[in-house]
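Reviewing the structure listed below.
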Protein chains: 2
Amino acid sequence: MTILGTPSFGDDADRGIPDATVARLPVYLRALNGLRDRGVVTCSSNELAELVGVNPAKLRKDLSHLGSYGTRGVGYEVEFLCHQIAREIGQTQDWNVVIVGVGHLGTALSSYQGFSSRGIRVAALVDADPARIGEVVSGIAISAVADLPALVAEHDVAIGVVATPGEAAQTAADSLVDAGITSILNFAPALVTVPDGVQVRQVDLSIELQILAYHEQRKTTHSAAEGVI
Amino acid sequence: MTILGTPSFGDDADRGIPDATVARLPVYLRALNGLRDRGVVTCSSNELAELVGVNPAKLRKDLSHLGSYGTRGVGYEVEFLCHQIAREIGQTQDWNVVIVGVGHLGTALSSYQGFSSRGIRVAALVDADPARIGEVVSGIAISAVADLPALVAEHDVAIGVVATPGEAAQTAADSLVDAGITSILNFAPALVTVPDGVQVRQVDLSIELQILAYHEQRKTTHSAAEGVI
DNA sequence: CGGATTTTGTTACGGCGTTCACAAGCTCGT
DNA sequence: ACGAGCTTGTGAACGCCGTAACAAAATCCG
């Protein structure tokens, strides 16, 4: 039960499951699917935590947000827990997405194995270049941007992926919003603005590298100054 | 000595910047570079915060970790601040990286514009498939995994990128570690283990989509259930 | 049947990150 | 020269997340 301190008044009612937990649930689900495929029936929080590399207490707390689906003294029933997690994060249905921008990145995403194994289906590809329309990539024919509204309606698409160059990202996002998309994942190295009610998540592939570079530099400058650690 | 946890280093001589700040500095830097290219000389925290979409106080606190480089009543000198951020995150030098796995994702990364604009240079491509060795992708000839140590030494590479399928990720990481790499960015949907002293950052492209799907589902189920907390 | 054992669900706590609010300090107009 | 108006830098409060410890519950075994 959610008796937590949040007033659950004012803003958007109850906030549901913490984002940090939502980000881990797919990882748990993948591990559980693996266990189920190997015929494992039940699993303790310790075993599962070891498997995915997190603290057992954290895992139990994460799962407790879904409800009390474990049995004390026994553990969790793998099959049942799979179903509950899948239901919570929306993996009982396939989610259709449309990718805007079929460059290298768009092509990579259209065949990313991490998608298909998690209930995400690339329903359509769109590119601004007229010369590429009709070309088949990863088994999908590229459509024109003008066809977006029709594609969204036809495939019941709720999520759009922007994989264009940075300059075209805003235009791509605008087209997606006009077509009725309410959630956008932006891989372009540029930030986009959208109307209220539309969710955007920004993925900047180079930021992770920058963080690594920062730590690398700290290593070298530190060892040059004083031989710590 | 602190009794609890890991006291990172020990002294105030430790100029360590919080990870959350390090992750934002590249974003600030890109915006500042844009301003400089348009001839803007000074910039207030409010303007810059609006530009990148963060809270002004947060931005000021982030920048304060670098030192007191602003002028009260005026703002920050764009050119100077660019230089300071670049120095702090190691962007004064180019960072050479090697990409293991030249599938769609590896190809996309090898030509990702977000890299070159941030001082990250793809120095070498490596693939496990003998048939692909010698093939030129994004202007770089693919090498064999066995050549990794030589490539790392030749190009002074400190960071390796894993862009293989999930099954090959651990092998790829091992090869990188053996070749002397100390920082790894893993795009494969699988988690890898490395010796102490080697940094790993995991990027799972599908997790972001899962989070969007979760919020989408909450929208629909909420409008259906309505009212119940 | 009752206690030992196992494992969950929860609570308490410490740390980190974000936001607010305000003093300190700079520039400009008069 | 001096006050008015900005803007930075920072101390304090707040909320979120992760960890540890513990009570509740279910099974097993003598």
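First the proteins, then the strands, lettered A, B, ... as listed; each starts at 1. Keep in mind that what you see is a predicted model, and the values were worked out from it rather than measured.
Taking the nucleotide of DNA chain D with the nearest heavy atom to each of B:Leu63 and A:Lys61, the more 5' of the two is matched to B:Leu63.
Checked by atom type, the side-chain pair A:Asn46/A:Glu50 shows no donor-acceptor distance below 3.5 Å. Counting only N and O atoms by type, the side chains of A:Glu216 and B:Gln199 include no donor and acceptor under 3.5 Å apart.
Residue B:Tyr76 has a polar side-chain atom (N or O) positioned under 4.0 Å from OP1 or OP2 of D:dG9.
A donor-acceptor contact shorter than 3.5 Å is absent between the side chain of B:Tyr28 and the backbone of B:Asp62. A donor-acceptor contact shorter than 3.5 Å is absent between the side chain of B:Arg201 and the backbone of A:Ile211. Distance alone, capped at 3.5 Å, is enough to place a donor-acceptor pair between the A:Gln217 side chain and the B:Arg87 backbone. Looking at A:Gln202, its side chain does come within 3.5 Å of a backbone N or O of A:Ala188 through a donor-acceptor pair. The closest donor-acceptor contact from the side chain of B:Asn96 to the backbone of B:Ala123 lies at 3.5 Å or more, if one exists at all.
Here the P atom of nucleotide D:dG18 and the CG atom of A:Asp62 are 7 Å apart, to the nearest Å. Across the protein-nucleic acid pair, A:Tyr28 atom OH and C:dT8 atom P stand 13 Å apart, rounded to whole Å. Between A:Tyr69 atom OH and D:dA25 atom P the separation is 19 Å, expressed in whole Å. B:Lys58 has its NZ atom 21 Å from the P atom of D:dA13, to the nearest Å. One interatomic measurement links the two molecules: CD1 of A:Ile17 to P of D:dC17, which rounds to 12 Å at whole-angstrom precision. A:Phe80 has its CZ atom 15 Å from the P atom of C:dT8, to the nearest Å. Atom pair A:Leu59:CG and D:dA20:P shows a separation of 15 Å (rounding to whole Å applied).
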Checklist entry - What does nucleotides 22-30 of chain C look like as a protein-contact string, B for base, S for sugar-phosphate only, - for none, at under 4.0 angstrom between heavy atoms? => result -BBBBS---
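Residues from residues 33-56 of chain B with heavy atoms under 4.0 angstrom of DNA chain C, sorted by number: B:Asn55. Residues from residues 199-213 of chain B placing a heavy atom under 4.0 Å of any atom in DNA chain C do not occur.
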Residues 74-83 of chain B side chain polar contacts: donor-acceptor under 3.5 Å, at least two apart:
none

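In this structure, B:Asp204 pairs ionically with A:Arg118, as a charged nitrogen and a carboxylate oxygen lie closer than 4.0 Å.
Note that OG of B:Ser206 and CG of B:Leu212 are 11.5 Å apart. Values are rounded to the nearest 0.5 Å.
Nearest nucleotide to the side chain of A:Ser64, out of D:dC17, C:dG17, C:dT10: C:dT10.
Counting non-hydrogen atoms of neighbouring residues, nucleotides and ligands closer than 6.0 angstrom, the CD atom of B:Gln93 exceeds 12 such neighbours.
Between B:Val161 and A:Leu209 the shortest side-chain heavy-atom distance falls below 4.5 Å. By the 4.5 Å heavy-atom criterion applied to side chains, B:Arg36 and B:Asn33 are counted as neighbours.
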With 3.5 Å as the limit, what N/O pairs link the protein to nucleotides 28-30 of chain D?
none

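Contacts of A:Arg60 classified as salt bridge (Lys or Arg N to Asp or Glu O under 4.0 Å), with partners at least two apart in sequence or in another chain: none.
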